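These notes are about the structure you will find just below.
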Amino acid sequence: MIPPHVSALQELIGFIYDNITLENPTNKMYWIADVKPNEEPIPLRIRGDAIEAVADPRKEQSLDAKMTVNLCYTVTGYVALPARKSRRVVRHDASVRLDDTALFEPLCDPDIPSYFYDFATYDILLARKLNPKQLSDYIGRVETISPPLIRKAKRIKKVKIQDQWAHIMEITFWDESIFPYQREEAVGKVLAVTATLVTEYQNNLQLETTEATSTFLNPRIPNLQSITDRFNQLKHPTDVQQNQQTMSIHQIVNKFKDDPMHNKFTCTTSVTEITLHRKWYYVTCPRCPKKLFLQKGIIPRFVCEDDGYVPEPNFMYCVNTTIADESTNAKAIFFNDAMTQMLEKSCHDMVITHGHSDLDIIPPEILDIRGKTMVIDIAMKKDGTMAINKAIPQTTLEQVTPNPKATVKRHLPSSQALDMPRKQKKTIQTMSSERLTEYERKRLENIKRNDEQLASLNIRSKLADLSTLTKRHREQTNRPQKKAKSEIPIVTRRSLRNQGEKPESTGLIDNFYQAPEKQKSPKSKVESEKQKSPKSKVTLEKCAQKLKPLSMREVSASSKPDEPLVKKILSVSEESRSKGVNKDAGIRVRSSIDLESMKLIPENIASVVTNKILSVKFFPSADMRMVVVGNTFGDLGFWNIDSETTEDVDGIYMYHPHPAPISSICIHPFSINKIITCSYHGFIRTLDVEKEIFDLTYSTKHEIFSMSQTADDGNSLYLGEGKGVFRVLDERSKSSSMTCNLHTSRINTIDFNPTNANLMATSSSDRTVCIWDLRKLGKNNNPSSITKITRGKPVHSAYFSPSGNLLATTSTDDKIGVASGANYVDEFSVYHDNQTGKWVSIFKGVWGWDDSYVFVGNMKIGIDVISTQEKRIITTLKSPHMTVVPGRFDAHPLKPGMLAGSTDRGQVYVWSL
């Protein structure tokens, strides 16, 4: 049976057999033939068994013509293969591959069941979460449906169902079209989902949809009525929650220590303190889960590492507090949903509408929640932190069994007891005689006895006199004093014409002309005042400061002298000029290496900068081992690995030439004394080591995401800026010679064929890789590419191999692709986990020193090596000295076996032979 919601070629096909045939023996029985993976027979063990089938997406048109959705077939001419070890849909040990040779004969018997189900129980889900993972079918009653959410640039839905054993299971539908039902038609109905992946979040098991998932509301199963009756006997989750007894903070902490799997609780508490030195909100990207950083400038704006400038970011509450009840207090974090419920105001309105944009100044509306009683839902994290995502203000307190210690804390002071109205005292006396406990009766008797003693001492009259005296003193001190009338008379200005006198001047001379001055509107006057204000002068001076050349000493991050670095680079540059450069030999040495000989020693590890490194580059010189890196803060770091002089102990230098992340670094082998960098701020700066300045080469209002140079031209820069704009810039004249639109989204990398500089490859977040002919780009603004490769998700890199015959691509669809052949139309791909999250830099696979290997990061703190001959990952470089996941790499062009990898903590690892 072919899942009905998408094309069969993009799905795993579950062949249909279930227990309907067992309950109706007269029905005709259909069986799947014994499938033999690797010529070993594996018989079907039970009736109603199923097998996975896969199809190549490139065969879509030919196979779609042979199959129809929701019909059954007898399939022959298939290829039998062993089933994959992970993410199996069914438990069969074999799988079926459908190609052009597969033949489909329709089965028109109406007694054939319509779908295969293998519902899992809650107890076996934990085992299916572990490797090797198995996909699971599940059935339950729909309880809640969330509105569409944006996660990873997708519209998703979250649905909570309750199974037959009253377990609440949340299902994340990564494609909302898989669950097309509305709340009115789905809540309370039986839902069957197939081929879901078991995950875990905050110690709770959850289900996520896969490409093979299908959903069925009130599915056609023989025992549907009995299952529905069983669900009707279960309580609704809201009823369970209402009946659930709240716990004190002390009980919650002890309960979580004893049973970490039970991590959700309900508590009645109040906020006693708000942490003022912590930020009260954060900003996220609406297209991906990553946090945004504020790019300061003339116009501050939020920028995402992957998506660039974000015009409408998401503002999310994150308030650090101390909560307390009668038992104890604890640290807790109120997140977006909880604060929105408390304030009845979204974080976006708080920041944008009400103008509370300062992260360090907490708005008074948030400070006012202190002391308010509320009912909160607490989710305990593994580190013991309390996360609060739901908070309901408690307007009416429920009657609880009095606690003697707590009652003493709430005992009214004597002065308040004296001012208690007589009606309230009478009510308390009535309550004490009717339904109060023995303890409360005794407490009221003590209050009455104390009141009598105070009355005998005549305290009430003394308090009244004191109150009157205090009030009179306050009125006298707060009364404003009238200002004395000035004895100097006020002179009213009157013109000479109104006074009847002659003017003091004779007027303008003949032939005099003066251009009339324009009257300034109130708005322009305000603007002129702002221009004259010291704050605006400082802002303009800062803007001018950013646009002017910067000296190395001015932007240096340390007091270390720059002379050792300058001398080293200039000496190597002079040696290369004196020796001469053979352009025919190219700028890269081609050589095969022994992977087992590559080692990482402690001397080749250093923390060059702080924070995440986005770009890393070796100096293209055989006489020097030096690495240049750029991080997300706009810092540029140099590391001279061979440093041994006393002046240059560690060989590390750091500068701050950019106000935003550095996206690319270019060092041309024919002029290594110039280091060119670009940033998300739209600046390109050239470090002239001889002049010791960072000169501004180019500036734009758009982000610059990529930059490259050809091997035979060190004066031209090729940029990818904004949303797919490609620009050619002359570094000497600082002018643009060509501009055109190559993609619909940001260009992540630009690379040139080593043997043919007219061939250029670009990768983009619009999910494509394109090959271009530079000679044809200048003819129109929207040129056509030679070859276009489309992937399922954004492509973050595309690099030519050292010979230029292959092209390696890296995409977040968990594939490393290698294209070859004429115009690079032939491609194979290798599965690789490219989900780096928000902390590790997105992986970009790079070539080694020949066409044999591609090096890419591994989330398990290693470097995966992909063989282009074997078309698989053949080994992973690991070392006990490497403690952080490397994300970006660069192979030394003139020293085979030397590979530099950078991390999100500013570290650089250099592997060598």
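Since the structure is predicted, the reported quantities are computational estimates derived from the model, not experimental observations.
Counting heavy atoms from C-beta outward, Pro393 and Lys372 have side chains that stay 4.5 Å or more apart. Looking at heavy atoms from C-beta onward, Ile861 lies out of side-chain contact with Thr883 at the 4.5 angstrom threshold. Contact annotation: the side chain of Val310 never approaches that of Val303 to less than 4.5 Å [non-hydrogen atoms, C-beta and beyond]. Proximity of Val271 to Phe334: side-chain heavy atoms (C-beta onward) are separated by under 4.5 Å at one or more points. Between Met552 and Phe694, the closest side-chain pair of non-hydrogen atoms falls below 4.5 Å. For the pair Lys612/Asn631, no side-chain contact is recorded, criterion being any heavy-atom separation below 4.5 Å from C-beta on. Using a 4.5 Å cut-off on side-chain heavy atoms (C-beta onward), Ile613 and Thr903 make no contact. Side-chain atoms of Ser706 and Asn748, non-hydrogen and from C-beta on, never get closer than 4.5 Å to each other.
For Tyr680 and Phe705, the ring centers are positioned less than 6.0 Å apart.
With Gln907 contributing its side chain and Ile605 its backbone, the two residues share no donor-acceptor pair below 3.5 Å. In this structure, the side chain of Asp766 engages the main chain of Thr744 through a donor-acceptor pair within 3.5 Å. Here the side chain of Asp904 pairs no donor or acceptor atom with the backbone of Ser841 at under 3.5 angstrom. The backbone N or O of Ile323 lies less than 3.5 Å from no partner atom in the side chain of Thr321, so there is not a single donor-acceptor pair. Although no hydrogens or angles enter the test, the distance criterion places no donor-acceptor pair under 3.5 Å between the side chain of Glu721 and the main chain of Glu703.
Across all non-hydrogen atoms, the minimal contact from Ile249 to Ala330 is CG2-CB, 3.8 Å. Taking each heavy atom of Tyr281 and Ser357 in turn, the nearest pair found is OH-O, 2.7 Å. Closest approach of Met247 to Lys255, counting heavy atoms only: CE-CB, 4.1 Å. For the pair Pro286 and Asn314, the tightest heavy-atom approach, listed with the atom from each and the gap, is CA-ND2, 3.4 Å. Met707 and Ile676 make their closest contact through CE-O, 3.6 Å (heavy atoms, listed as atom of the first residue, atom of the second, distance). Nearest heavy atoms, Trp280 versus Asp358: NE1-O, 2.9 Å.
Counting only N and O atoms by type, the side chains of Asp337 and Thr340 include no donor and acceptor under 3.5 Å apart. Using modelled atom types, one finds no donor on one side chain facing an acceptor on the other under 3.5 Å when comparing Tyr655 with Glu554. Donor-acceptor pairing under 3.5 Å is lacking for the side chains of Thr275 and Arg278. For the 3.5 Å distance criterion, the side chains of Thr677 and His658 qualify, holding a donor opposite an acceptor. Between the side chains of Thr686 and Asp695, not a single donor N or O lies within less than 3.5 Å of an accepting N or O. No hydrogens or angles considered: a donor-acceptor pair under 3.5 Å links the side chains of Lys331 and Thr322.
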Inset, instruction - Check step by step if side-chain hydrogen bond (donor to acceptor under 3.5 Å, both in side chains) holds for Asn834 and Thr812. - result: CA-CA 5 Å; Asn834 294 330; Thr812 50; over 6 Å; no
Inset, instruction - I would like to know whether Tyr317 and Leu343 meet side chain to side chain contact (heavy atoms under 4.5 Å, CB included); could you show each step before the answer? - result: CA-CA 11 Å; Tyr317 285 115; Leu343 303 176; 3.7 Å; yes
Legend entry - Verdict with reasoning, Ser615 to Ser664, per side chain to side chain contact (heavy atoms under 4.5 Å, CB included): CA-CA 6 Å; Ser615 52; Ser664 295; 5.6 Å; no
Legend entry - Derivation of the side-chain hydrogen bond (donor to acceptor under 3.5 Å, both in side chains) call for Arg727 and Tyr698: CA-CA 11 Å; Arg727 187 184 301 274; Tyr698 174 72; 3.0 Å; yes
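Atoms CD1 and OG1, on Ile252 and Thr328 in that order, are 11.5 Å from each other to the nearest 0.5 Å. Rounded to the nearest 0.5 Å, atoms CD1 (Ile652) and OG (Ser607) are 7.0 Å apart. For the atom pair Asp325 CG and Cys267 SG, the distance stands at 5.0 Å (nearest 0.5 Å). Gln835 CD to Met859 CE: the interatomic distance, rounded to the nearest 0.5 Å, is 9.5 Å. Distance CD1/Ile388 to CD1/Ile378: 5.5 Å, rounded to 0.5 Å.
Exactly one residue among Val609, Ile665, Val555 makes a side chain to side chain contact (heavy atoms under 4.5 Å, CB included) with Leu636. That residue is Ile665.
By the side chain to side chain donor-acceptor pair (under 3.5 Å) test, Thr269 is found to be paired with no residue, residues two or more places apart in sequence or in another chain being considered.
Around the NE2 atom of His250, the shell of radius 6.0 Å holds no more than 12 heavy atoms that belong to other residues, nucleotides or ligands. The neighbour count for Lys723 NZ, taken as heavy atoms of other residues, nucleotides or ligands under 6.0 Å away, does not exceed 12.
Ion pair Lys279/Asp360 flagged as a salt bridge, since at least one NZ, NE, NH1 or NH2 atom sits closer than 4.0 Å to an Asp/Glu carboxylate oxygen. At a threshold of 4.0 Å, the pair Asp562-Arg553 counts as salt-bridged, since one of the basic side-chain nitrogens sits closer than that to a carboxylate oxygen. The pair Glu273-Arg370 fails the salt-bridge criterion, with no side-chain N (NZ, NE, NH1 or NH2) lying under 4.0 Å from an Asp/Glu carboxylate O.
At least one test fails for Lys158 against the ring of Phe173: distance under 6.0 Å to the centre or angle within 45° of the axis.
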